[in-house]
Structures are given as structure tokens and as C-alpha cells.
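To start, the structure itself, in C-alpha cells.
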Amino acid sequence: MRLSPKNILVGGLIFYFVAFVLSFITGSLVHEGVLAAAYDQTASFWRPALQQDPPDMAAVMPRWIAVGLLTAFVFAGIYDNIRDGLNGFGCLKGLKFGLLLGLIHACFAGGWSGVFNLPDMIWAWWIADVFFLYAIAGVALGWFIARWGTNSA
């Protein structure tokens with residue numbers, strides 16, 4: 001197993017940063033736009049801080065950032081170990097990896113949709129959002145590791 005601290009830490013930070021920045025775009029389009037009415041109709045599912053007007057983002061951001069960083073480091077470590085099995089140059093390998101993560105997310109979301117009684121529209125948009133974020137963040141991760149990452153096994 002390849003455990004390159006540089007690839008995991010820096011690659012993970014790059015993955016996280018790209019997804020985080022893009023989430024401001026998708027957040028306004030998807031979460032504050034298309035899904036706003038659906039969120040209002042399912043208010044009992046959301047944390048109290050998100051039900052305030054305006055939502056208390058400072059209350060939820062520490063959790064979101066911590067989980068997002070941990071996830072990005074795990075993703076970078078997985079990518080570092082499977083990238084040789086993906087065809088193409090760094091960016092293309094990263095794109096394929098991001099789409100693979102999107103597929104995995106879609107499978108889990110499909111399973112969770114059988115547990116939590118949220119409208120299918122919410123699940124579909126969450127899946128689409130993740131496909132977009134992970135695809136672009138994957139491109140950035142693949143580019144970084146191909147260009148500046150550690151290549152030793």
C-alpha cells in the first residue's frame with residue numbers, strides 16, 4: 001500500500017479546496033435554489049441551526065469542514081493507491097476517480113433514500129451535485145499528483 005504523506009496531505013487539501021470553492025456555486029444553485037422549497041417542506045430533518053432565518057452556518061461549518069477534510073485525505077490516499085489502474089494522464093485519471101467516487105456516493109445515497117423519507121428530488125440533486133464536485137476536484141487531485149506528487153510505491 002502506498003502511503004505518501006505529500007500526496008495524501010497536499011492532494012487532499014487540493015481536493016477539498018476545489019470542492020469547497022465549487023460548493024459555493026452549487027450551494028446557491030442547488031441548495032438555495034432548486035431544493036429550497038423541498039428543504040422547507042422537510043424542515044424536521046434538518047439541524048436547528050439550518051432552520052433559522054438566516055441559517056446559522058457558523059454552527060455547522062466546523063463539522064462540515066472537519067468531515068470534509070478527513071474525507072478528502074482518505075480520498076487522496078485511495079487515489080494514490082489506485083491511480084496506476086486508471087488509464088490516461090493525471091487529469092483524466094483524476095476525472096475517472098472523481099466519477100467513480102460519484103458512483104459510490106450514488107449507491108450509498110440510493111440506500112439511504114430507503115431509510116430517510118426525503119423526496120426523490122433531493123436525493124437526485126444531491127447525487128448530481130456530488131458528481132460535479134468530485135469530478136472537478138478529482139481532476140485537480142490527478143493533476144497535482146501527476147505533476148508534483150510522490151510516485152514511489
Side-chain angles (χ1 to χ4, degrees), residues 1-35 38-39 45-47 49-50 55 57-153:
M1 180 162 57
R2 190 183 334 217
L3 291 174
S4 165
K6 178 181 179 181
N7 292 356
I8 293 170
L9 293 176
V10 180
L13 286 172
I14 289 170
F15 186 97
Y16 176 81
F17 178 77
V18 169
F20 184 78
V21 169
L22 290 174
S23 74
F24 285 99
I25 297 167
T26 64
S28 64
L29 295 173
V30 174
H31 306 291
E32 296 169 13
V34 174
L35 294 178
Y39 290 159
F45 280 93
W46 316 122
R47 292 184 175 277
L50 296 175
M57 300 306 282
V60 291
M61 286 304 275
R63 175 188 297 255
W64 290 353
I65 290 170
V67 170
L69 283 169
L70 177 62
T71 301
F73 295 141
V74 169
F75 286 173
I78 293 169
Y79 175 76
D80 200 24
N81 279 275
I82 71 166
R83 63 189 160 110
D84 293 337
L86 301 170
N87 293 328
F89 296 106
C91 289
L92 183 58
K93 286 182 177 190
L95 174 64
K96 290 176 181 180
F97 178 68
L99 294 173
L100 177 62
L101 291 175
L103 283 172
I104 293 167
H105 171 76
C107 292
F108 281 111
W112 284 115
S113 73
V115 176
F116 296 104
N117 190 24
L118 294 170
D120 288 339
M121 181 174 126
I122 289 177
W123 295 103
W125 277 99
W126 283 353
I127 290 167
D129 186 28
V130 166
F131 262 104
F132 173 74
L133 295 175
Y134 285 0
I136 305 303
V139 168
L141 174 63
W143 169 79
F144 164 75
I145 290 183
R147 176 105 182 183
W148 289 294
T150 304
N151 289 316
S152 61

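Please read these numbers as outputs of a predicted model, since none were measured by experiment. Note that these values count all heavy atoms, side chains included, but never hydrogens, waters or copies made by symmetry.
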Query raised in the report: When you look at CH2 of W125, are more than 12 heavy atoms from neighbouring residues, nucleotides or ligands closer to it than 6.0 Å?
Result: no

**Report entry** Distance, nearest 0.5 Å, that separates CD1 of I145 from CH2 of W143
**Finding:** 11.5 Å

Report task. I would like to know whether L13 and V10 meet side chain to side chain contact (heavy atoms under 4.5 Å, CB included); could you show each step before the answer? Result -> CA-CA 5 Å; L13 286 172; V10 180; 5.6 Å; no

Query raised in the report: Can you name the one residue among T150, D84, N81 that meets side-chain hydrogen bond (donor to acceptor under 3.5 Å, both in side chains) with R2?
Result: D84

Query raised in the report: Any idea which heavy atoms bring M121 and V34 closest together, and the distance?
Result: CE-O, 3.3 Å

Query raised in the report: How close do H105 and W126 get, heavy atom to heavy atom, and via which atoms?
Result: NE2-O, 3.9 Å

Query raised in the report: Does OH belonging to Y39 count more than 12 external heavy atoms closer than 6.0 Å?
Result: yes

Report summary line: Correct closest heavy-atom pair for N87 and K93 would be O-CG, 3.8 Å

**Report entry** Y79 ring center within less than 6.0 Å of F15 ring center
**Finding:** no

Query raised in the report: Looking only at heavy atoms, which two atoms of V18 and A137 are closest? And how far apart?
Result: CG1-CA, 3.7 Å

Requested in this report: Return the minimal non-hydrogen interatomic distance between A76 and G11, and the atom names on each side.
Outcome: CB-C, 4.0 Å

Query - F108 CZ: over 12 foreign heavy atoms closer than 6.0 Å - result: no

Query raised in the report: Just checking, any donor-acceptor pair under 3.5 angstrom between side chains of N151 and R83?
Result: yes

Query raised in the report: More than 12 non-hydrogen atoms from neighbouring residues, nucleotides or ligands closer than 6.0 Å to CG on D120, yes or no?
Result: no

Requested in this report: Report yes if the side chains of Y16 and I65 come closer than 4.5 Å at any heavy-atom pair, otherwise no.
Outcome: yes

Report summary line: Between L133 and A19, the two heavy atoms sitting closest are CD2-O, 3.7 Å

Requested in this report: On the 0 to 90° scale, with breaks at 30° and 60°, tag the W148-F144 ring pair as parallel, tilted or perpendicular.
Outcome: tilted

Query raised in the report: So with a 6.0 Å cut-off around CH2 of W46, is the heavy-atom count from everything else above 12?
Result: yes

